[in-house]
Amino acid sequence: MPTTTEKKIKGTVVITVERCKGCGFCVEFCPSKALKLSEQFNSKGYHPPVLISQELCNGCDMCGLLCPDFAIYGIRIK
Amino acid sequence: MDEQILEIEESIPVNPIESFLRTDRMPHIWCPGCGIGTTVNCFTRALETSGLDLNKVSVVSGIGCTGRVAGYLNLDSFHTTHGRPIPFATGLKLANPELKVVVYSGDGDLFAIGGNHFIHAARRNLDMTVICVNNSIYGMTGGQVAPTTPISATASTTPHGNFEQPFNLPYLADSCGAVYVARWTAFHVRHLTKSIKEALAKKGFSFIEILAPCPTLYSRRNKLGDGLDQMIYYKENSEIKHGADTKSVALDFQSKIIVGKFVDRDRPDYLTLMNEHYQKKFGDKYTPYKG
Ligand code: SF4
Ligand code: SF4
């Protein structure tokens, strides 16, 4: 993963793949459009989200507030 | 996906909601795209920053999909019978005035089966916070028409559309005397979190209505798409109007949604009134009730 030196707020998400029910709230309302639904399935047959690129995420945790299944949250990283 | 998780594993913080959940009960029963879980995020974030002693917070729910909240929260919580979270919460609060009591339930439970309890708790200004997730339908029992179903919306018991006037919940709470009344949707997560925090800090009867999608029984039957479509609808059709006259915030089928904090006033709560009253009547002979 490339590291940037400029002072941009950076973040990432932690996803509990097996809890996701693929509702798409996190993907639709991420202010940075950093997520997409993965092509892969979890064991219940839902498509969990995946970061398009870590560069896009600012760790605002909007996804974490919206996720009705407690399956994702955003964090700031240094 | 696994790679991304591994990279940050060294300092991986835990999902802020985790300590508030009975994780052995996850995954929960709510459908994909149901908004109830989203409201739980906001509630726990509000609790986290409220400064309240979590050992002194209890959550009471009734029956229904939202009624499950009490069972999923890792707090002192009680899942009561249908429509009766407010009577239970009343007893809990009066016997233990030091507790912060939150009633977390659905529109059917609070306003149909338990409607009578709601109006009296608000009238008496019992010190509690009532959070109502309003999905416009009876979810758990099969999508029957509810006292919150908008006119013309289809439910399993109104296949030709509803013709009954629904409640305007903020107006009802306001006119019964609630000291704090707000409405948000499941889309307004940041506003909602702030609002719950305010309601928790308020002494007296505070009420928050949260509109949330029920994709399985309401949206699908009314051809409104899935949960995400409803959330997009909330985003595009809500207008924030703090202080709006609650008479003017009634909801029609897929109408504009007025959200915001409508009422924030002060009025002595039930126990304060009771103590003041008896002190006036009996003077020193009366020992103020403190639980
Ligand atoms: S933390 Fe914020 S920026 Fe990152 S994925 Fe979640 S919503 Fe998007
Ligand atoms: S909001 Fe949660 S349940 Fe919905 S797609 Fe994203 S991670 Fe999955």
Side-chain angles (χ1 to χ4, degrees), chain A residues 1-3 10-31 33-57 59-78, chain B residues 1-23 25-46 65 72 133 185-193 212-213 215 225-232 234-235:
Chain A
M1 190 64 62
T3 48
K10 290 200 295 172
T12 190
V13 288
V14 183
I15 301 165
T16 313
V17 169
E18 286 305 322
R19 265 193 204 164
C20 171
K21 292 181 191 152
C23 70
F25 290 4
C26 56
V27 172
E28 176 71 27
F29 300 118
C30 165
K33 296 275 164 251
L35 297 165
K36 61 174 183 186
L37 288 184
S38 160
E39 299 282 301
Q40 293 168 35
F41 295 99
N42 65 15
S43 63
K44 287 208 180 68
Y46 297 113
H47 294 287
V50 62
L51 269 182
I52 295 167
S53 143
Q54 190 142 342
E55 296 302 299
L56 291 171
C57 173
C60 68
D61 195 35
M62 187 53 122
C63 50
L65 267 169
L66 281 160
C67 174
D69 287 87
F70 321 125
I72 187 171
Y73 61 100
I75 46 167
R76 295 256 144 100
I77 47 174
K78 299 244 162 61
Chain B
M1 224 170 304
D2 285 347
E3 270 170 37
Q4 281 167 7
I5 293 170
L6 284 180
E7 269 179 39
I8 51 160
E9 202 156 44
E10 284 161 32
S11 60
I12 205 168
V14 191
N15 188 335
I17 198 174
E18 220 70 358
S19 62
F20 288 94
L21 294 178
R22 299 182 200 230
T23 45
R25 294 192 166 188
M26 295 296 125
H28 56 58
I29 56 139
W30 299 316
C31 301
C34 167
I36 301 171
T38 304
T39 72
V40 174
N41 286 322
C42 300
F43 176 62
T44 59
R45 300 287 207 285
C65 293
Y72 291 138
V133 179
T185 77
F187 165 75
H188 296 90
V189 282
R190 298 221 193 266
H191 289 100
L192 174 59
T193 304
D226 59 14
L228 181 58
D229 292 311
Q230 277 298 93
M231 292 287 273
I232 294 170
Y234 295 154
K235 180 183 175 188

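Predicted, not measured: the structure shown is a model, and the values here were computed from it. The sequence lines fix the lettering, A, B, ..., with proteins before strands; numbering per chain opens at 1.
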Worksheet item: Under a 4.5 Å cut-off applied to non-hydrogen side-chain atoms, are V13(A) and Q54(A) in contact?
Response: no
Worksheet item: Where does L228(B) contact chain A at under 4.5 Å (heavy atoms): side chain, backbone, both or neither?
Response: both
Fill in: Exceeds 12 heavy-atom contacts within 6.0 angstrom, atom NZ of K235(B)
no
Practice prompt. Take K21(A) and H28(B) through the side chain to side chain contact (heavy atoms under 4.5 Å, CB included) test and state the conclusion after the steps.
Written response: CA-CA 11 Å; K21(A) 292 181 191 152; H28(B) 56 58; 3.2 Å; yes
Worksheet item: Can you say whether A212(B) sits under 4.5 Å from chain A via the side chain, the backbone, both, or neither, judging by heavy atoms?
Response: neither
Response to the item:
Turns out that what part of T193(B) lies under 4.5 Å from chain A's heavy atoms comes down to side chain
Worksheet item: Top residue by heavy-atom pair count (under 4.5 Å) with chain B, among G22(A), C67(A), C20(A), A71(A)?
Response: C67(A)
Worksheet item: Given a strict heavy-atom distance threshold of 4.5 Å, which part of D226(B) is in contact with chain A: side chain, backbone, both, or neither?
Response: neither
Discussion item. Under 4.5 Å from any heavy atom of chain B, what part of C26(A) do you find: side chain, backbone, both or neither?
Written reply: neither
Discussion item. Under 4.5 Å from any heavy atom of chain A, what part of M231(B) do you find: side chain, backbone, both or neither?
Written reply: both
Fill in: chain A contact via I232(B) - side chain, backbone, both or neither, heavy atoms under 4.5 Å
both
Worksheet entry | Backbone of L56(A) reached by a side-chain donor or acceptor of K10(A) within 3.5 Å | no
Worksheet entry | Check: N42(A) side chain, R19(A) main-chain N or O, donor-acceptor pair, under 3.5 Å | no
Discussion item. If we ignore hydrogens and angles and just use 3.5 Å, is the side chain of W30(B) paired with the main-chain N or O of C65(B) as donor and acceptor?
Written reply: yes
